[in-house]
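Given the structure is predicted, the values throughout are model-derived calculations rather than measurements. Side chains are part of it too, since the values below use all heavy atoms of this structure and drop only hydrogens, waters and symmetry mates. As the structure lists them, so they are numbered: ligands from 1, and atoms in each ligand from 1.
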Amino acid sequence: MFARTRRDTYGLRSVLRLAFVVLAVLSSFVKAETTHVFNFTTGWVTVNPDGVGEKQMIGFNGHWPLPDIHVNKGDRIELYLTNGFEDLTTSLHFHGLFMDTNLGNSNQMDGPEMVTQCPIQPGGTFLYNFTVPDQVGTYWYHSHSGAQYTDGMRGALIIHDPDTPLDYDEEMTILVSDLYDKPYYEVADFFLSRYNPTGAEPIPRNILFNHTTNNTLHFDTDKTYLIRLINGGTFVSQYFFIEDHEMTIVEVDGNYVQPTKAELLYIATGQRINILVKSKHTRSKNFAFMQIMDDTMLDVIPADLQLNRTNTISYDPKLGDAKQAYIDSLDNFTNDFDLVPYFKRELLDTYDYQIKLDVEMENLGDGVQYAFFNNVTYVAPKVPTLLTALSAGKLATNPAIYGDNINAFVLEYGEVVEIVVNNHDPGRHPFHLHGHVFQVVQKSGGREDGEVPIDYDEKKPISAYPEYPMLRDTVVVESLGHVVLRFQATNPGIWFFHCHVDWHLEQGLAAVFIEAPLLLQERETLSESVLKTCKAGNIPTEGNAAGNNKDWFSMEGLPKQPAPLPEGFTLKGYAAFFLSTVVGLWGLYTIVQYGLGEVVLDDQELAVRLKTLLENN
Ligand SMILES: *[C@@H]1O[C@H](CO)[C@@H](O)[C@H](O)[C@H]1NC(C)=O
Ligand SMILES: *[C@@H]1O[C@H](CO)[C@@H](O)[C@H](O)[C@H]1NC(C)=O
Ligand SMILES: *[C@@H]1O[C@H](CO)[C@@H](O)[C@H](O)[C@H]1NC(C)=O
Ligand SMILES: *[C@@H]1O[C@H](CO)[C@@H](O)[C@H](O)[C@H]1NC(C)=O
Ligand SMILES: *[C@@H]1O[C@H](CO)[C@@H](O)[C@H](O)[C@H]1NC(C)=O
Ligand SMILES: *[C@@H]1O[C@H](CO)[C@@H](O)[C@H](O)[C@H]1NC(C)=O
Ligand SMILES: *[C@@H]1O[C@H](CO)[C@@H](O)[C@H](O)[C@H]1NC(C)=O
Ligand SMILES: [Cu+2]
């Protein structure tokens, strides 16, 4: 590219030599691995994130929000996490990081409790010690114990790229989320109870923009900003647009994409989008940076819930906060299926192993609504699945030892895996895979509640397979639609695949991929910290899912999903039965207060009424 003529070539040679020396010296600096040591203790902190009222959030070392972590590719992280709670377990997951087991001993650092590690007990410390893999971009970290990150145990994790192909002046990281009134465990308990037979998801009291409301970003004139947007919420997806400014999508879930102009973004929980925004030439006005809840995910919309929140792009603080901006339609957001990776990777055009997952929501005999892949709702085993795999010898390739309540799938090294998710539920679900990015090779639109689901038909796919499919680690399957994902199994490990609406994960919407377990056994040696943590929790460090290490096929004592509802016992029947019990219990009060005696309620309304009723008692 440099030299076309002989004369230039001569000059070029010495220039190149010099450049080579400079580069070698530079890269020895760049490659020098830096170790970032963090020492965090969890604990409750009283704050007022949205200005509406005080709320206990989960801080580190007495501070909330949690810090953004900035590292470079190839660095090492040593993060000591001490459980400072009195009676809760905890853990930490680094969302989107491959925890590449080629780099050794990293699967045990992935975080999800009872999948790759034992929960950290009160007073205990776990050392997350791993090399940041060959990845760059926007990631985040969060608790992977129940719905714990709902109360703010989350932060951004940025891996900087010394060779970034992007041109910008400054960068900003914005983690958005949803905020609940009550502590996460109370919200979860009610949600997963027979008092909520329709499985109506808890409604947040607000959405936050970088941990607060009415936030302000300061813009200078004539600059290009890289804005990293992370949805670190528990439930709702959010739309974003900036008044009178163009957004250009340049990265999605840590994968550079060919710059794509967008007027509206849609970001589900777990997902990230990086945009470039060019600032104005003058300081004559401040502009709105709007965030809007995807209210189609809400079973009811309380009258006082603010769906739209206005943040300000401030050029001149004297001009005050921006006023709310409007967009004609929320339908025209950029479809990630149409994005193309910047570093093109060809379609994996055949698969070796296909995993079909049908998504359903049903009530079981305890009256609680659960979420299922193929009629199985995830129930945590007695031994973390990684520890089962590492202690099972040759049996590790036999799915039976992992029990029949985790949706275990054993993958062979190097094979191309195809995941087909057919959504038989009328809700949108963002599915997340640990340890990998996948190619999104098919993605259907949605259907209205009550219509027939659009299942994937490989003989008649709904669209052409992209030549260079979009790479992500979290993808939304539309209501009653489907997605088809492919990846190559070259990262031996135990990898969780689950809905990133944390309420749905709590309902059991998860599967576990057991990737090349025999190779994993060669690569992974459990650290002192892992073993100590299990011991503190009285959790066995070997054996099958039921903790049995003599008869590997005996599942005695395995935690199982509840029995089905009795035949002919429908949800409506159950709700009616339940309603009469409630009326019986609270008698006149409830009738007078809520008119339950007279009004015929549909299911959703019923659930909400019951929720309100119980919360007020
Ligand atoms: C982390 O902080 C705690 C409390 O300040 C201290 O006791 C402990 O020694 C620290 N650990 C490391 C590895 O720095
Ligand atoms: C944001 O503005 C609303 C409405 O003015 C106000 O009630 C709320 O307290 C503000 N939020 C914060 C964090 O101050
Ligand atoms: C973290 O892991 C590396 C690589 O195995 C090891 O050299 C280092 O000593 C570990 N750090 C601690 C604090 O144990
Ligand atoms: C967002 O919040 C984090 C954590 O408090 C902070 O480090 C970061 O600077 C904030 N981003 C912006 C653009 O203010
Ligand atoms: C939808 O967005 C695209 C891309 O920004 C734009 O070209 C198109 O005009 C928009 N359509 C509508 C109906 O707003
Ligand atoms: C929220 O924003 C949408 C899109 O701009 C708009 O149609 C709607 O009227 C807004 N709602 C409120 C209450 O401002
Ligand atoms: C789930 O159960 C239903 C009803 O028993 C059955 O028809 C269906 O085939 C099952 N689905 C799978 C994937 O096993
Ligand atoms: Cu979901």
Side-chain angles (χ1 to χ4, degrees), residues 35-43 59-63 67 76-84 92 120 123-129 206-207 209 213-214 236-244 263-266 287-298 301-311 322-333 354-365 370-378 399 404-405 407-409 419-425 453 455-456 482 508-509 511 527-529 532 561 563-570:
T35 300
H36 304 261
V37 181
F38 302 95
N39 189 6
F40 293 141
T41 301
T42 65
F60 280 168
N61 305 339
H63 296 285
R76 173 165 290 279
I77 288 181
E78 290 181 1
L79 191 156
Y80 295 85
L81 183 68
T82 299
N83 182 340
L92 211 58
I120 308 168
T125 299
F126 188 97
L127 169 60
Y128 291 96
N129 178 9
N206 239 322
I207 45 176
F209 191 88
T213 51
N214 327 321
V236 286
S237 302
Q238 299 186 27
Y239 298 92
F240 298 87
F241 69 93
I242 307 180
E243 179 189 6
D244 206 13
E263 73 175 47
L264 184 66
L265 308 175
Y266 183 86
F287 297 86
F289 195 149
M290 297 301 305
Q291 57 176 161
I292 300 177
M293 265 190 228
D294 175 1
D295 65 6
T296 66
M297 296 174 80
L298 309 179
I301 304 174
D304 58 350
L305 181 66
Q306 204 172 324
L307 299 171
N308 303 355
R309 296 228 58 119
T310 308
N311 304 285
K323 291 209 176 58
Q324 178 171 187
Y326 295 85
I327 192 161
D328 291 343
S329 159
L330 292 177
D331 297 334
N332 199 23
F333 62 87
Q354 188 185 51
I355 297 170
K356 269 190 157 166
L357 300 170
D358 289 352
V359 177
E360 314 258 3
M361 302 257 176
E362 292 289 346
N363 292 67
L364 291 177
Y370 292 91
F372 303 81
F373 279 142
N374 302 341
N375 297 334
V376 173
T377 181
Y378 177 90
D404 53 10
N405 246 135
N407 284 303
F409 295 92
I419 311 173
V420 176
V421 181
N422 288 319
N423 184 9
H424 294 171
D425 177 72
D455 278 4
Y456 175 55
H482 65 260
L509 198 47
S527 73
E528 192 93 6
S529 167
K532 209 178 66 194
Q561 66 191 54
L565 277 173
E567 200 95 33
F569 204 68
T570 62

Atom 3 (C) of ligand 7: closest protein heavy atom, distance to 0.1 Å, is Asn375 ND2, 3.5 Å

OG1 (Thr125) and CG (Leu79) are apart, to the nearest 0.5 Å, by 11.0 Å

Among non-hydrogen protein atoms, atom 4 (C) of ligand 6 lies closest to Ile327 O, 3.5 Å

### Query
Considering only heavy atoms from C-beta outward, does the side chain of Leu330 approach that of Tyr266 to under 4.5 Å?
no

Atom 6 (C) of ligand 6 has as its nearest protein heavy atom Tyr326 CD2, 3.9 Å

Are any of the N or O atoms of Asp358 closer than 3.5 Å to those of ligand 7?
no

**Request:** May I ask you to check whether Ala325 has an N/O atom sitting below 3.5 Å from an N/O atom of ligand 6?
**Result:** no

- Task: Check whether any side-chain heavy atom of Val359 lies under 4.5 Å from a side-chain heavy atom of Phe372, and answer yes or no.
- Result: no

A student checking ligand 7 against Asn374 at a 4.0 Å heavy-atom cut-off should list atoms 13 (C)

Margin query: With the threshold set at under 4.0 angstrom, would you say Leu307 reaches ligand 6 through any of its heavy atoms?
Written below: no

The closest protein heavy-atom partner of atom 14 (O) of ligand 6 is Gln324 OE1, 3.1 Å

Query raised in the report: For the residue pair Phe287 and Phe289, is the inter-centroid distance of their aromatic rings smaller than 6.0 Å?
Result: no

NE2 (His63) with more than 12 external heavy atoms under 6.0 Å:
no

So Thr310 and Met290, do their side chains get closer than 4.5 Å, heavy atoms only? yes

Quick note on ligand 1: atoms under 4.0 Å from a heavy atom of Tyr80 include exactly 13 (C)

Here the gap from Tyr370 atom OH to Gln561 atom CD, rounded to the nearest 0.5 Å, amounts to 9.0 Å

Side-chain touch Leu307/Leu305, heavy atoms, less than 4.5 angstrom: yes

ask   = Looking at atom 9 (O) of ligand 7, would you say a protein heavy atom lies below 4.0 Å from it?
value = no

If you scan protein heavy atoms around atom 11 (N) of ligand 6, the nearest is Asn308 ND2, 3.0 Å

Looking only at protein heavy atoms, what sits closest to atom 2 (O) of ligand 1 is Asn39 ND2, 2.2 Å

